[in-house]
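Notes to accompany the following structure.
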Amino acid sequence: MTLFDPAWIDVAILAFMAIVAFVVALLRSVFASVMLMGIFSLLSATLFVILDAVDVAFTEASVGAGISVVVFLGAMSLIPSPKAHGRTRPLLGALVCIACGALLILGTLDMPTYGDPQAPIHLHVADRYLSESLEATDVPNVVTSVLASYRGYDTLGETTVIFTAAIAVLILIGGSWRDGVKAPARADKETGDA
Amino acid sequence: MISTHLPILQVLVPLLAAPVLALLRGRTLSYLVATGFVVVAFLIAIGLTIQVVHTGAVSYAIGNWAPPLGIEYRIDELTVIMLLMVTGIASAVLIGGGQSIAVEIPERRAPLFFALFCLNVAGLIGMTVTGDVFNLFVFLEISSLSTYALVAMGRDRRALTAAYQYLVIGTVGATFYVIGVGLLYMMTGTLNMADLTARVSGVESTLTIKTALAFLFIGLGVKLGMMPVHFWLPNAYAQAPSTVSAFLAGTATKVAVYVMLRIVFGIFGIGIFTSSYLADVVIALGIFAMVAASVSAIFQSDAKRLLAYSSLAQIGYILFALGLATEAGLTAAILHLFNHGLMKATLFLALTAVALRLGRTRLEDFDGLAQAMPATMLAFAVAALSLVGVPLTIGFVSKWYLLAAAFDRDGVLVAAVILGSSLLALLYLWPLVERAYFRKRPAGAPEIEEAPLALILAMWALVAVNVFLGVNSQFTVNLAANAARHLIGAVP
Amino acid sequence: MHDHAVLRVVSKLLMPFIFLFALYVQFHGDFGPGGGFQAGVIFGAGMILYALIFGLKAARKVAPLHYLRAQLSLGVLLYAGTGIVGLVQGSNYLDYSVLAHDPAHGQEYGIMLIEMGVLLTVSSAMTLIFYLFAGQDH
Amino acid sequence: MEFPGLYNYWIAMVLMMMGLYIVITDPNMVKKIVGLSIFQVSVFVFYISMAKVRGGTAPILDDRFTVYSNPLPHVLILTAIVVGIATTALALALLVRIQAAFGTVDEEAIKALERET
Amino acid sequence: MTLAPDQLLLWAFLTPIIVAVLVAVAGPWRNLRDAISVLGSLATFGFVAMLASEWEDKLVSRTIADFLPGLTLRFSLEPLGLLFAVIASTLWVLSTIYAIGYMRANEEHDQTRFFALFALAIAATLGIAFSGNLLTLFVFYETLTLVTFPLVTHAGTPEAMRAGRTYLGILLSTSILFFFLAMVWTYFEAGTLDFIKGGILNEETGPSVTLVLFLLYMFGIAKTALMPFHRWLPAAMVAPTPVSALLHAVAVVKAGVFAVVKVIVYVLGVERLAGVPGTAIVPVVAGFTIIAASLVALKQANLKRLLAYSTISQLSYVVLSATLLTPISIMGAVLHIAMHAVAKITLFFAAGAVYTAAHKSEIGELDGIGRRMPWTMGAFAVAALSMIGLPPTAGFVSKWVILKGAFDATAWCAVAVLVLSTVLNAAYFLPIVHRAFFRPLSAEAQAHPHGEAPFPSVLALTLTALLTLGLFFFPGEAMKIAEAVATGR
């Protein structure tokens with residue numbers, strides 16, 4: 001391992017991401033958290049480029065750092081920032097997270113190492129995509145051919161997910177939902193239970 | 001010719017209903033369209049059942065890409081049980097719930113509501129038929145997202161927080177599932193279930209594969225309402241619109257259990273399940289749930305919440321049977337999966353009728369209801385007795401197999417716990433029946449009439465199936481036993 | 001923001017390029033990074049930018065809500081419909097090989113069509129979601 | 001174990017848990033969604049790290065290269081990103097409604113309000 | 001009409017169900033409705049009688065449904081079941097007649113519901129009697145509990161509801177917790193639940209498991225009202241008297257002891273049980289129940305409650321005798337099921353008749369009532385003699401055999417219990433008879449003149465009293481059946 005091992009870049013970016021995540025956890029300001037979340041996404045997009053996932057990087061940059069932040073800001077313009085408040089169940093949360101993280105790290109010690117070309121993941125299906133897809137689909141971008149053809153059904157599902165989300169947002173805050181706000185308030189008293 | 005494409009049509013029909021519905025205006029039209037699509041889906045499920053019973057498991061390669069390259073649909077006995085249940089209950093809920101939806105959902109949102117409902121159905125079916133672990137995640141999200149929105153449609157403002165709570169924990173659960181899939185993929189290089197089955201056995205001894213199992217288990221545990229990660233469930237069931245509660249209670253958690261069966265037994269196999277102590281954990285969680293949730297149910301003041309806790313307890317039974325990891329246990333788990341879905345859907349449909357007429361479902365609202373709504377309350381009473389495990393209903397069949405499975409492995413004590421918990425079921429359900437039948441309507445209570453005919457028909461259709469399969473359980477028991485045998489035999 | 005002349009002019013100039021870029025991403029997806037989803041997001045971002053600069057009202061004139069809603073559905077229908085063509089042609093669902101004489105060409109057509117469907121749904125969904133959040137009166 | 005061994009994975013796992021920690025403990029419901037996003041993005045990082053092959057390039061076939069990274073996780077994560085933004089949008093829409101109904105998005109305050117009714 | 005025996009079985013079972021449906025339909029026309037009840041009960045009696053006359057040694061059976069794979073809902077006829085069916089169907093005819101008089105005279109509400117459920121209860125009872133395996137028995141046992149619950153709570157008062165909850169709570173919880181558990185366990189051990197002479201357990205089942213199963217059955221079948229699970233029986237006395245009469249002298253309680261004998265003879269096996277140490281616990285508990293219930297009965301001021309405790313005590317005779325595990329004692333148990341039924345129903349009929357005619361339910365109010373209601377109190381006296389076990393009544397016959405069985409088993413404690421309880425029985429029954437016939441009417445009673453109860457009621461109770469006497473003089477058929485059960489033909 002040399003100082004100039006390209007792997008350092010990954011680790012550096014990941015370290016940056018960790019710092020950002022840590023700051024987000026500490027921050028009280030929701031607005032700043034959202035901005036940092038955008039930066040987090042952007043950092044991850046950079047990392048994805050380094051890790052050869054250009055399509056994912058492109059998408060993460062436009063969605064995570066772009067649309068997502070815009071939607072957050074749009075929502076936050078309707079939701080006033082509340083005052084500072086202590087954490088709920090900080091100990092329990094920490095315990096759960098540490099246990100989960102420990103399980104995850106200790107449980108994966110015998111995983112194939114990073115970048116190992118002989119890992120099973122690269123040998124079975126993926127290998128066939130790389131060798132067969134050009135002939136079968138005439139599309140040199142394997143990600144596209146897998147996305148749209150081999151696993152095109154997943155992508156139909158993905159489109160349906162977006163469709164679902166749009167419909168859901170529409171039904172929740174579309175049209176004249178405010179007219180309905182008063183009615184539930186009355187229903188409240190009738191059906192209230194502890 | 002069309003019969004070879006039934007597997008994909010099973011998902012496509014409700015899935016395509018959604019964009020069509022989103023283009024429509026008006027309540028009546030969208031109601032009819034949605035109901036039509038869902039009923040067609042039910043008919044397809046029946047066709048598939050006939051196909052599977054006659055010719056055995058069916059495989060369908062989407063895009064004509066041979067698995068594991070492409071995504072495969074795989075339908076066997078276990079799958080058709082779930083398909084029948086999901087589409088059947090969806091049909092019953094839509095057919096019966098028209099009037100209730102009309103009251104609870106504003107006219108302008110009706111088409112979108114039905115679109116979400118169909119998406120939910122499509123998502124659950126997609127989870128059921130798929131033979132690909134990642135495709136499963138996609139459909140899980142379709143059903144989850146639509147569920148969150150549907151729950152939020154409840155009339156009380158607490159429906160919103162219930163939906164939010166469900167969204168957060170549901171997303172965490174789904175992400176855990178994705179982590180598990182990642183680890184699994186890392187070790188095997190494939191996402192196809194059948195292929196995974198073959199390849200997991202090669203890396204069975206690695207820690208990573210066990211960690212993968214743990215994460216898949218927790219992720220699905222959240223979705224199926226496993227105690228102690230259950231807390232979204234009572235709120236969601238209690239606050240959602242009545243028809244949505246009826247549908248969810250009958251299907252959503254059941255499909256999650258089904259997926260767990262598929263993954264734990266279909267992919268990992270009993271060896272890993274039992275050697276990693278997970279089996280014991282599952283048994284313990286199951287027993288904990290059947291006792292703790294039943295006790296909680298006794299103290300509820302709202303019937304919907306009460307039934308929600310009862311669901312948690314019943315899921316405890318299923319988990320327990322699943323944890324036994326024997327053929328008898330799996331048979332019992334699968335049977336109860338189906339049977340409980342049927343019973344709970346009936347009970348919630350009855351509550352839909354009550355909510356429609358009274359606007360609420362508190363326990364005291366049941367006083368004297370049997371006089372005003374005799375057909376509804378009789379259906380409720382039969383389903384309640386079934387849940388307790390009274391003979392000649394499917395509840396008894398379930399209980400019989402559960403006990404037999406318990407005897408097979410753990411002996412008398414556990415069997416006694418199961419029976420004790422079914423007594424608790426009596427304790428929390430009986431007050432409702434007693435109030436309905438043996439109390440008078442409070443003075444000054446508004447005059448109410450019987451539930452609409454469609455709703456009664458839907459309820460009684462489920463009750464009829466309940467009693468028929470309770471007296472003559474060959475069909476379901478054989479399907480379940482075959483399915484269990486296949487699951488057990490999946491990995492030698 | 002719509003009283004800043006500079007912003008208005010610059011964004012008006014930028015707008016065609018954004019949509020052009022979206023189309024490039026859409027059709028270049030076969031050869032490089034990109035595809036229907038990314039293009040849809042860029043399309044949506046373009047609309048959002050337009051709405052931010054010229055106001056929601058103006059944006060809604062360009063792309064009314066009910067139009068977006070229709071487009072949202074049409075995208076899914078186009079995607080699923082492409083799959084059904086394969087079914088009707090006697091193959092399995094989502095098999096594009098039957099779309100042309102040469103299976104590989106069929107695949108290409110199929111991929112193009114479904115990416116179009118993705119574009120329609122994603123762009124309208126993004127715009128729609130932004131509209132709804134931005135369009136709430138406080 | 002040769003560097004970088006499993007470091008990438010480990011850091012990604014730590015990132016996941018930081019996201020999860022925010023989800024569990026932050027009382028602000030908007031912030032929880034931020035945490036959820038961080039959690040999910042970290043999982044994406046984990047997946048994409050799995051896909052990397054040492055010395056490989058992006059999986060766009062070209063005569064100049066012979067070693068490519070694994071395209072399949074990329075495809076999966078593209079889907080997952082979409083699911084993520086869909087969830088976020090839905091959650092925020094819910095929060096807008098919650099704000100309107102309760103006048104706050106603070107978990108504790110809402111619990112208190114719910115107990116009152 | 002020539003029906004094959006298995007068809008007769010089915011028809012005997014189906015007739016009450018049809019009656020229930022018809023009664024529900026004919027509800028508004030009460031004469032028609034009551035006529036249907038009577039005719040239906042006669043038809044059922046006819047079918048059972050035909051069965052009895054045609055029945056030979058060969059087993060008649062009929063599968064109704066494939067309930068669970070390997071386990072069917074099946075009817076089959078054997079001597080004990082036949083005896084029980086004969087008792088139930090005979091007494092159903094009489095109690096229907098009686099109930100018509102009672103319900104009309106007391107202007108009870110919801111009579112249609114009452115008669116429909118009454119018929120269903122008989123259907124369930126016949127289901128128990130005919131059951132060909134333990135599962136079928138269990139199914140109808142539970143059905144009987146559920147069907148009779150609305151009858152018990154017929155009054156609908158808070159008090160009745162409380163009593164109903166006790167009734168349902170004890171019966172359901174014991175049957176689910178113990179009976180069901182024992183049944184599944186048995187199935188697990190034996191692989192079958194069919195009733196087979198000598199039992200179905202195989203050699204692999206050890207004595208300790210057998211003992212646990214035995215205890216689970218004995219306490220799980222709480223319809224025997226063995227202490228400490230007896231409280232449902234006095235609680236159920238809030239029901240209208242015809243219900244108490246039929247259900248708590250015949251159907252429900254007899255279903256309990258019937259099931260106990262069935263289990264001992266056909267599931268666990270008498271001989272196997274005799275070889276298991278520790279089974280003596282049950283006769284001890286039964287003996288305790290006999291004495292304790294009799295002592296409680298002594299203190300009762302309410303006539304129906306007294307009868308309830310008397311029933312508890314008498315049921316334990318059957319359990320005691322059956323669990324002594326000798327052929328003669330089994331025979332005694334079987335006989336006592338029949339003999340106690342006719343006498344006890346007479347007593348309940350009489351109590352109800354007194355309530356209908358004089359509106360009296362407390363023992364202290366019965367002074368001189370025998371002179372105003374000679375038929376009723378005469379029948380009462382006959383039945384009381386039977387309870388004590390004195391000739392010339394049916395009770396003497398069964399008690400004699402039970403005593404013989406106890407001697408046979410050299411169970412001296414049991415003999416002592418029997419003797420002591422006879423004394424106690426006399427101590428609480430004879431004063432009532434004495435009071436009714438030999439004390440003068442109270443001043444308050446003289447101010448309210450009344451005669452006998454309505455004719456149907458008096459007719460019914462006279463007939464049952466005659467039956468009580470008749471079974472003393474002609475016990476042959478009953479003896480034959482009991483012997484068949486005990487000796488295993």
Side-chain angles (χ1 to χ4, degrees), chain A residues 100 103-112 119-129 132-133 136 146 148-172 174-177 179-181 183-194, chain B residues 15 18-19 22 62-63 65 68-71 106 108-109 112-113 115-116 119 122-123 126 132 134-135 138-139 141-142 145-146 148-149 152-153 155-159 179 183 185-192 195 199 203 206-208 210-212 214-215 238 300-302 305 359-362:
Chain A
C100 250
L103 171 69
L104 201 47
I105 290 177
L106 296 176
T108 53
L109 284 178
D110 53 10
M111 219 165 47
I121 183 172
H122 305 306
L123 296 179
H124 185 42
V125 178
D127 202 41
R128 288 182 60 191
Y129 287 143
E132 295 170 14
S133 72
V146 174
S149 189
Y150 289 98
R151 297 187 69 87
Y153 192 62
D154 263 358
T155 311
L156 174 60
E158 169 196 324
T159 312
T160 313
V161 167
I162 274 290
F163 173 81
T164 311
I167 296 287
V169 174
L170 201 58
I171 204 171
L172 281 172
S176 51
W177 62 273
D179 305 345
V181 168
R186 253 184 286 118
D188 243 357
K189 284 177 197 87
E190 281 168 17
T191 55
D193 70 325
Chain B
L15 188 76
I62 296 168
W65 295 110
L69 277 192
I71 291 167
R108 291 185 49 152
R109 293 200 208 141
L112 296 178
F113 173 86
L116 285 171
L119 284 169
D132 186 285
F134 196 82
N135 187 248
V138 174
F139 279 87
E141 282 297 341
I142 293 178
L145 287 178
S146 49
Y148 307 146
M153 299 308 293
R155 283 193 291 184
D156 194 293
R157 62 176 177 174
R158 276 167 302 172
I179 296 172
L183 293 174
Y185 177 53
M186 184 78 190
M187 301 309 286
T188 58
T190 182
L191 295 168
N192 181 281
D195 201 22
R199 296 176 76 88
V203 286
T206 58
L207 264 179
T208 309
K210 285 174 184 160
T211 313
F215 272 80
Q300 298 306 316
S301 59
D302 183 89
R305 274 188 95 79
R360 47 183 209 178
T361 53
R362 294 179 62 81

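For the numbers below, each heavy atom of this structure counts, side chains included, while hydrogens, waters and symmetry mates do not.
For chain A, no part of B/Pro106 is nearby; none of its heavy atoms comes within less than 4.5 Å. Using a 4.5 Å cut-off between heavy atoms, B/Tyr148 makes no contact with chain A at all. B/Asn192 does not touch chain A: none of its heavy atoms, backbone or side chain, sits under 4.5 Å away. Proximity to chain B is absent for every atom of A/Leu123, based on heavy atoms less than 4.5 angstrom apart. Heavy-atom distances place both the backbone and the side chain of B/Thr208 under 4.5 Å from chain A. When heavy atoms are compared at a cutoff of 4.5 Å, B/Phe139 approaches chain A solely by way of its side chain, counted from C-beta outward. Both the backbone and the side chain of B/Ile71 come within less than 4.5 Å of a heavy atom in chain A. Within the 4.5 angstrom heavy-atom criterion, only side-chain atoms of A/Leu156, from C-beta onward, approach chain B. When heavy atoms are compared at a cutoff of 4.5 Å, A/Tyr153 approaches chain B by way of both its backbone and its side chain. For B/Thr188, the part lying under 4.5 angstrom from a heavy atom of chain A is the backbone only.
Put simply, the side chain of B/Leu191 does not reach to within 4.5 Å of the side chain of B/Asn135, judged on heavy atoms. Side-chain contact between B/Met153 and B/Leu116 is absent, with no heavy-atom pair separated by less than 4.5 Å. Side-chain contact between B/Glu141 and A/Thr164 is absent, with no heavy-atom pair separated by less than 4.5 Å. Taking 4.5 Å as the limit, every side-chain heavy atom of A/Thr108 sits out of range of all side-chain heavy atoms of B/Leu207. Side-chain contact between B/Leu119 and A/Phe163: present, with at least one pair of heavy atoms (C-beta onward) separated by less than 4.5 Å. The shortest distance between side-chain heavy atoms of A/Met111 and B/Thr211 does not fall below 4.5 Å. Put simply, the side chain of A/Tyr150 reaches to within 4.5 Å of the side chain of A/Glu132, judged on heavy atoms.
Of all the listed residues (A/Thr160, A/Val169, A/Asp127), the one sharing the greatest number of non-hydrogen pairs under 4.5 Å with chain B is A/Thr160. The candidate with the highest count of non-hydrogen atom pairs below 4.5 Å against chain A, out of B/Val203, B/Ile179, B/Ile62, is B/Ile62. Of the listed residues A/Pro112, A/Ala165, A/Gly107, the one with more heavy-atom pairs under 4.5 angstrom with chain B than any other is A/Gly107.
Annotation for B/Arg305 and B/Ala238: closest pair CG-CB, 3.4 Å, computed over non-hydrogen atoms. Between A/Ile167 and B/Ala22 the shortest heavy-atom distance is CD1-CB, 3.7 Å.
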